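See structure below.
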Amino acid sequence: MENLIAPLIAAPLLGAAVLLVGGRRLDRGGHWIGVLLSFVSFALGLVLFADLLGKGAGHRTLTQHLFSWIPVAGFQADVTFRLDQLSMTFVLLITGVGSLIHLYSVGYMAHDERRRRFFGYLNLFLAAMLLLVLADNYLLLYVGWEGVGLASFLLIGFWQHKPSAATAAKKAFLVNRVGDMGLSIAIMLMFTTFGGFAFGPLLGTHEEPGLVGGASEGKLTAIALMLLLAACGKSAQVPLQSWLGDAMEGPTPVSALIHAATMVTAGVYLIVRSGAIFNAAPDAQLAVTVVGAVTLLFGAIVGCAKDDIKKALAGSTMSQIGYMVLAAGLGPIGYVFAIMHLVTHGFFKAGLFLGAGSVMHGMNDEVDMRRYGGLRKYMPVTFVTFGLGYLAIIGFPGLSGFFSKDKIIEAAFAKGGTEGWILGGAALLGAAITAFYMTRVMLMTFFGEERWRNAPAPSPAEPSVEPAAEAGGEHAVPHPHESPKVMTIPMIVLAVGSVFGGAFFSIGDRFLNWLEPVTGHDHGDSPLSAGVITGATMVCLVVGVALAWAQYGGKPVPALAPRGSLLTRAARRDLLQDDFNHVVLVRGGEHLTRSLVYLDHSLVDGVVNGTAAGFGGLSGRLRRFQNGFARSYAVSMFGGAALLVAATLLMRAV
Amino acid sequence: MSFPLLTATAALPALGAVATAAVPAAQRTAAKWLALLVSLATLALAVTVLVRFDPDGERYQLTENHAWIEDFGVRYELGVDGIAVALIALTALLIPFIILAGWHDADPLETGSRRWRPTQGFFALILAVEAMVVISFEATDVFLFYIFFEAMLIPMYFLIGGFGDRAHAHGEETAATQRSYAAVKFLLYNLAGGLIMLAAVIGLYVAAGNFSLTEIADARANGTLHMATNTERWLFLGFFFAFAVKAPLWPLHTWLPNAMQEATAPVAVLITAVVDKVGTFAMLRFCLQLFPEASKWATPVVLVLALISIIYGALLAVGQRDIKRLVAYASISHFGFIIMGVFAMTSQGQSGATLYMVNHGISTAALMLVAGFLISRRGSRLIADYGGVQKVAPVLAGTFLIGGLATLSLPGLAPFVSEFLVLVGTFTRYPVIGIIATFGIVLAALYTLVLYQRTMTGPVKPEVSAMPDLRVREVLVVAPLIVLLIFLGVYPKPVTNIIDPAVKQTLSDVHEKDPRPEVEAAK
Amino acid sequence: MNPVNYLYLAALLFTIGATGVLVRRNAIVVFMCVELMLNACNLAFVTFSRMHGNLDGQIIAFFTMVVAAAEVVVGLAIIVSLFRTRHSASVDDASLMKL
C-alpha cells in the first residue's frame with residue numbers, strides 16, 4: 001500500500017511537466033489533463049485513507065523509501081515519504097480542495113490565453129505541497145517548502161504584464177526566503193546536534209522518545225525558534241506577514257488554494273510536526289503563542305479596513321492562521337485543534353475566496369466592495385455559499401468554525417496563569433473583530449443599495465486608499481450574473497464542508513482520536529468552564545455583528561472611502577508594515593548596494609588601477625632624468641662617485 | 001603499456017585547435033563543425049575516463065609518468081582522483097555547448113564584407129583553452145601544472161580582447177577600448193598571481209627537491225620531509241594567492257566583471273564555468289595536500305574572505321545595471337561558497353565545494369548562455385532596455401527563469417545540494433560564519449528575481465516587441481543543461497560517489513575529522 | 001720633499017678638470033678637462049707608487065695612459081663628426097640621445 005505514496009506526488013508532477021513542456025498544442029484541452037491528474041491524486045489519497053482507517057490506531061504510519069538522495073560521508077538525506085494521520089489529513093485537504101479549485105479554475109480562467117500554463121503551475125503546486133507534507137525528513141520537506149514558494153511565485157505573478165503582480169510575486173518569494181533561511185539554519189543545527197534530520201529517529205514516537213530528548217534546552221530552543229521563523233515566512237505571521245496582502249494580485253483560485261487553504265498553513269504543519277522539539281523548548285513555545293496572538297489581532301484589524309474584497313479576506317486568513325499558530329504554540333493542549341481549525345478553515349476560507357472570485361467574475365473584475373452592493377438578487381448561489389462560509393468563519397453555533405475556534409479559545413485559557421488569560425483574551429477579542437469585518441464584507445457586497453449602477457470614476461485624490469485594482473478605463477456599468485456550473489459546484493461542495501465539517505469532526509471527538517497518536521493530546525485545566533467560554537465567545541460574536549450592522553447595514557455605504565480615524569488609515573496601509581519595510585529595507589538596501597558598487601569601482605578596483613597608474617607616473621618621472629645633456633649625466637656620475645667615496649670613508653671611520 | 005588516456009583527453013582538443021586554425025579562411029562553417037566534432041570526441045574520451053575510473057580504487061588512477069626535464073626533476077606526471085575526474089567531465093561537457101552557443105559569435109561583421117573576422121581562430125582558441133584546462137586537472141607534477149595554469153592565459157587573453165560582445169551601447173570604438181582594458185586587466189591580474197606562484201614553485205623545489213605532488217605529499221605525510229613552519233606558510237601563501245586571483249576571491253575579484261562583461265557570452269561561460277574552476281580545484285589539490293599545516297593556519301582568514309565574497313558579491317549583483325556584470329558578481333558570490341567549503345575542512349564542506357564547482361558550471365552556463373541569446377536579440381546589455389520579454393518570447397523567458405532559479409539554489413535543482421552541503425559543512429565547525437553565509441541565499445533570490453522581473457515581466461517595451469523566441473540551435477544548447485540541472489538536483493549520487501572517496505583522502509591529508517554530533521543515536 | 005704635496009696637486013688638478021667638465025660647453029674643452037682629470041689620477045698613482053715603494057701605481061698609470069690615448073682617438077673623431085653635422089662644438093646641442 002505504501003507504494004501508492006510516490007504516485008500521489010507523481011501524478012500532479014507529471015501534469016505540470018506535460019503542461020509546461022507540451023507547448024501550444026495543449027492549449028485547447030490541456031487544462032483537463034491538469035484537472036484529471038489532480039483528481040487522480042485525490043483518489044489515491046482516498047485509497048490510502050481507507051487503508052489507514054483499516055489499521056489499528058497505533059500502526060497508521062506508512063513509509064516509502066525511494067532512493068538515497070544526498071549521501072556524503074556522515075550527511076545522509078534520503079527521498080523517503082512518510083504517511084501518518086497528520087500528513088494524511090493534509091493530503092486529503094490539499095488534493096480535495098485542490099481538485100475542487102482546479103475544477104473552478106476551468107470556468108474562471110476560461111478566457112485566459114495562458115490557461116494551459118496556469119494549470120501547469122497549479123499542478124506543480126499540488127506536487128510540491130504534497131511533497132512538503134509527505135517528506136520523511138526536514139531536508140526533503142525543505143524541497144517541498146521552497147517548491148510551493150516557487151509555485152506561489154509563478155501564480156501570484158501569473159498576470160506578469162501587470163507590474164504590480166510581478167512585484168508582488170517577487171516580494172512573496174523574498175519574504176519567504178527569509179523564512180527559509182530559518183528552516184535551513186534549523187536543519188543545520190539539527191545536523192550538528194543530532195547528526196541527522198529524519199523525522200523518525202529525531203522526533204520519536206509516543207512510546208519511544210527520539211534523539212530530541214538528549215539535547216540541551218538551549219539547542220532545542222534555538223532550533224525551535226528557527227523553525228518558527230520559517231513558519232512565520234510561509235504562514236504570513238508577524239513579522240514576515242507583509243507579502244500576503246500583495247499576493248492577492250494573483251488569480252482568485254490561486255488565492256483560494258495557495259493563499260488561504262493550503263500553502264499558508266504549512267507553517268502550522270511544521271510546528272505541529274516538530275511538536276517533540278517545541279514541547280522540550282517552553283521559551284520557544286511562548287514565542288509561538290505570542291506570534292500567533294499578535295498576528296490574529298493584526299490580521300483582523302487589517303481586515304476591518306480594507307475595501308478590496310480579496311485583501312479583506314487576506315487579512316482574515318492571516319488572522320485565522322494566527323489562531324492556528326497560537327494553538328500550535330500551546331503544545332499538546334492545542335496541536336489537534338490547530339489542525340482541526342486548519343481543515344475547517346480550508347473549507348470555509350476557500351469557499352469564501354471562490355465566492356469572491358465569482359463576484360468579481362460577474363462584476364468585470366471589480367474588487368472594491370464600495371462598488372458592490374445588493375448583489376444577492378443577481379448571484380443567488382454565490383450569495384448562499386458565501387453566506388454559509390461567512391457564518392462558519394465567524395463561529396455561528398453549529399457550523400464548523402464554531403467548533404474549531406471555540407476549542408482554540410478554550411485551549412488558550414487552559415494554558416493557565418497570566419499567559420492563559422492574555423492569550424485567551426486576545427483570542428476572544430479576535431473573535432469579535434472577525435465577526436465585525438466578515439459582517440462588513442457580507443453587508444457591503446450582498447446587501448444595501450446597488451452602488452455599482454452609478455459608480456464614480458476612480459478618484460486620484462485619495463492616494464492612501466488602495467487603488468481599485470486594474471479597473472483602468474473600464475467604467476461601463478457591470479451586469480452582475482451568476483457564474484457557470486463548473487464554478488458554482490465547487491463552491492457548493494465547500495459550503496457543505498463549512499457547514500458540517502466541524503460538527504462531524506467534533507462529535508465523539510473523531511478528529512482528536514484520529515490525530516492523537518501522532519501529536520499527542522493533553523486536556524489542560526481551564527480556569528473557566530467550557531460553557532462560560534462558549535458564552536463569552538457568543539457575546540463577542542453578537543457584539544461584532546451588531547457593530548458592523550450599525551455601521552454598514554443601517555446606513556448607506558459611501559462610494560468613496562471616508563478618511564477615517566488614525567487607526568483605520570494605518571490599517572488600510574497594513575498597519576504601516578510596508579512603509580517600515582520600504583524605508584528600512586528597500587531604501588537602506590538601495591543605498592547600501594549603490595555605495596558598495598561605488599566602492600567596488602573606486603576603492604577595490606581603484607587600488608589596482610591606482611597601482612598601475614602609480615607605476616606609470618613613476619616611470620614618467622624617472623624618464624625626465626634621461627634628458628640627453630651629457631653634462632647632467634656627468635653631474636650624476638660625480639654625485640654617485642662622491643657618494644661612494646663618502647660612504648667608504650664613513651664606513652672606515654666607523 | 002596501456003593507452004595513455006589522460007594524455008589523449010588533453011591532446012585531442014589541442015590537435016583539434018591546430019586543425020581548426022588551419023582550415024582555409026573561406027571555409028568558416030567547416031571550421032565550426034570541426035571544432036564541434038573535436039569537442040564531442042573529447043567529451044567521449046572524458047566519459048571513458050569517467051567509466052574507467054574506480055571510485056574505490058587507488059587515489060590517483062590512469063597515471064602516466066615520464067621524465068621530462070631531468071636536470072630539474074620535472075616530470076610529465078598525470079593522474080586523476082575523483083575530484084579531477086568530475087571536473088574534467090564538466091569541462092568536456094560544457095565546451096560543446098559553448099561552441100554551439102557561440103556559433104555565430106565570430107562571423108564576419110557584415111555579410112559579404114572581406115574584412116577578416118577570424119572565425120577559425122575563435123574556435124581554435126576555445127579548444128586550446130579546453131586542452132590546457134584538462135591537463136591542469138590531470139597534472140600531478142607541480143611544475144607541469146604551473147606551466148599550463150599560466151599558458152591558459154594566452155588563449156583567454158585573445159578570446160576576451162579579440163572577440164568582444166557586439167552589444168555595446170557606445171559604438172565600436174569605445175567597445176574596443178573597454179575590451180582591451182578588460183583583456184589586459186585579466187592578463188595582469190593572473191600574471192601577477194602566476195609570478196608569485198612561480199616563486200613559490202621554485203621555493204618548493206628548494207625545500208622538497210622535486211616537483212612531484214604525490215612524492216611530496218607522501219613524504220610530508222610520513223614525516224620524511226620536514227618543512228619549517230614559516231617556509232610552509234610562505235609557500236602556501238604564494239600558491240594560494242595565484243589560486244585566489246583565478247578563483248576569484250575578494251578583494252582580488254575585480255577583473256572578473258570586466259572580463260565577463262566584455263567577452264561574448266560563451267567566452268564568459270568559459271571563464272567562469274571552466275577556467276576559474278582550476279583555481280578552486282588547485283586549492284583542494286595543491287594547497288591542502290602540500291601545505292596541510294599552513295592551510296589550517298590560514299583557515300580563519302580565508303573563511304572570512306570567502307564570507308565577504310559571498311555577501312559582497314551578492315550585494316553588488318543587486319546593484320548592477322548590466323546583465324552580464326550581474327551574473328559575474330553572482331559568480332563571485334558562488335566562488336565564495338566554493339572556497340568556504342574547501343576550507344571548512346569537513347567532508348560535507350569539501351564534497352559540497354567540489355559538487356558546487358560542477359553545479360555552478362552548469363547553472364552559470366545555462367543562465368549566461370540564455371542571457372547571451374537575449375542580449376544578441378536586442379543588442380544591449382542594460383537591464384533597463386528590456387521589459388515584458390515573457391510575453392513575446394516565453395520559452396526564452398522560461399529557460400532564463402530556470403537558470404536564475406538554479407543560481408539562487410532552489411531545492412530540486414542541482415546547486416541547492418552543493419550549497420546546502422557547503423553551508424552544513426561550514427556550520428558544523430564555524431556556526432557564526434555558516435549563519436552569516438546563509439544570508440547569501442536571501443540576497444541570491446533578490447538579485448535573480450529583480451533581474452527576472454525587470455527584463456521579463458511588465459509591459460512589453462516597443463524595442464523587444466519583435467523579439468523572436470529561442471531557435472532550434474539555442475534550445476539544443478539550453479535544454480540538456482536544464483535536464484542536467486534537474487537530474488543532478490534530484491539524484492546527485494553518481495557525482496557524489498566519485499567525489500566522496502577523494503574528499504575523504506584530502507581531509508585525512510590535513511589531519512582533520514568531521515565533528516561528531518552532540519547527541520548520537522544509541523548503537 | 002714631502003710626497004703628500006704631490007697628492008694635493010693631483011687633487012687640485014682633478015678638481016679643476018671636473019669643474020671644467022661640468023661647466024664648459026665646448027666639447028674640445030670638456031675633452032681636455034677629462035684629460036686633465038686622467039692625468040691628475042696618473043700623478044696620484046705615481047705618487048702612491050713612490051710612497052708605498054712598489055710598482056703597482058706606475059703600472060696602473062701606464063694603463064691609464066693607454067686608455068686616455070684610445071679615448072682621444074674615439075672622442076676626437078666623434079667631436080669632429082659632430083662639428084661637421086651640427087656646425088657646433090657645444091655638448092648641449094648634442095642632446096638627441098634621450099627618450
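All of these numbers come straight from a predicted model, not from anything done at the bench. Residue numbers begin at 1 in each chain, while the letters A, B, ... track the order of the sequences.
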What's the verdict on side chain to side chain contact (heavy atoms under 4.5 Å, CB included) for A/Leu154 and B/Leu401, showing C-alpha distance, side-chain angles and the deciding distance?
CA-CA 10 Å; A/Leu154 293 169; B/Leu401 181 62; 3.6 Å; yes

What's the spacing between B/Leu443 CG and A/Leu174 CG if we round to 0.5 Å?
9.5 Å

Under 4.5 Å from any heavy atom of chain A, what part of B/Tyr447 do you find: side chain, backbone, both or neither?
neither

Report which part of B/Phe439 has an atom under 4.5 Å of a heavy atom belonging to chain A: side chain, backbone, both, or neither.
both

Quick one: does B/Pro257's side chain get under 4.5 Å of A/His601's, heavy atoms only?
no

Please rank A/Leu150, A/Val79, A/Val607 by heavy-atom pairs under 4.5 Å with chain B and give me the top one.
A/Leu150

Using heavy-atom distances under 4.5 Å, tell me whether B/Val490 contacts chain A through its side chain, its backbone, both, or neither.
both

Here the gap from A/Phe153 atom CZ to B/Leu405 atom CG, rounded to the nearest 0.5 Å, amounts to 7.0 Å

Not counting sequence neighbours, which residues clear side chain to side chain contact (heavy atoms under 4.5 Å, CB included) with A/Val604? List them please.
A/Asp600, B/Trp250, B/Pro251, B/His253, B/Thr254, B/Tyr312

Okay, A/Leu20 and chain B: the region with an atom under 4.5 Å from a heavy atom over there is neither

Side chain, backbone, both or neither of B/Val450 within contact of chain A (heavy atoms, under 4.5 Å):
both

I'd like to know whether CZ of A/Arg115 has more than 12 heavy-atom contacts from other residues, nucleotides or ligands below 6.0 angstrom.
yes

Is there a side-chain contact between A/Met226 and B/Ile435 (heavy atoms, below 4.5 Å)?
no

So which of A/Leu592, A/Leu139, A/Asn176, A/Asp180 has the biggest tally of heavy-atom pairs under 4.5 Å with chain B?
A/Leu139

What part of A/Asn609 gets within 4.5 angstrom of chain B, counting heavy atoms only: side chain, backbone, both, or neither?
side chain

Using heavy-atom distances under 4.5 Å, tell me whether B/Thr496 contacts chain A through its side chain, its backbone, both, or neither.
side chain

Quick one: CG on A/Leu596 to OH on B/Tyr329, what's the gap to the nearest 0.5 Å?
10.0 Å

CD1 (A/Ile185) and CZ (B/Phe427) are apart, to the nearest 0.5 Å, by 7.0 Å

Side chain to side chain, B/Pro394 and A/Arg117, heavy atoms closer than 4.5 Å:
yes

Are any of the side-chain heavy atoms of B/Asn258 and A/Asp605 separated by less than 4.5 Å?
yes

Report yes if the side chains of B/Pro515 and A/Thr192 come closer than 4.5 Å at any heavy-atom pair, otherwise no.
no

Taking B/Val395, B/Thr428, B/Val318 one by one, which has the highest count of heavy-atom pairs under 4.5 Å against chain A?
B/Thr428

Are A/Arg177 and B/Ile441 side-chain neighbours, meaning at least one heavy-atom pair lies under 4.5 Å?
yes

With only heavy atoms counted, which part of A/Pro201 is less than 4.5 Å from chain B, the side chain, the backbone, both or neither?
neither

Atom pair OG1/CE of B/Thr438 and A/Met188 - distance to nearest 0.5 Å
3.5 Å

Backbone N or O of B/Pro492 within a donor-acceptor pair of the A/Trp69 side chain at under 3.5 Å?
no

Carefully, step by step, assess A/Ile187 and B/Phe420 under the rule side chain to side chain contact (heavy atoms under 4.5 Å, CB included).
CA-CA 10 Å; A/Ile187 298 175; B/Phe420 200 81; 3.6 Å; yes

How far does CG of B/Asp500 sit from CZ of A/Phe75, to the nearest 0.5 angstrom?
12.0 Å

Taking the six-membered ring for Trp, are the ring centroids of B/Phe416 and A/Tyr142 within less than 6.0 Å of each other?
yes

Side-chain contact, heavy-atom cut-off 4.5 Å: A/Val72 with B/Leu355?
no

Looking only at heavy atoms and a cut-off of under 4.5 Å, which of A/Gly74, A/Gly195, A/Ala166 has the most pairs with chain B?
A/Ala166

In terms of heavy-atom proximity below 4.5 Å to chain A, should B/Gln348 be classed as side chain, backbone, both, or neither?
both

A/Phe67 side chain reached by B/Lys493 side chain, heavy atoms, under 4.5 Å
no

For B/Gln390 and A/Arg114, work out which heavy atoms get closest and say how close.
NE2-NH2, 3.5 Å

Less than 4.5 Å to any heavy atom of chain B: does that hold for the side chain of A/Ser164, its backbone, both, or neither?
neither

What part of B/Lys391 is in contact with chain A, defined as an atom under 4.5 angstrom from a non-hydrogen atom: side chain, backbone, both or neither?
side chain

Between A/His161 and B/Val460, is the side chain to side chain contact (heavy atoms under 4.5 Å, CB included) condition met? List the steps.
CA-CA 7 Å; A/His161 51 93; B/Val460 181; over 6 Å; no

Do you know which of A/Met181, A/Arg594, A/Lys219 has the most heavy-atom pairs under 4.5 Å to chain B?
A/Met181

Taking every non-hydrogen pair under 4.5 Å, which of A/Ala215, A/Gly196, A/Ser184 racks up the most with chain B?
A/Ser184

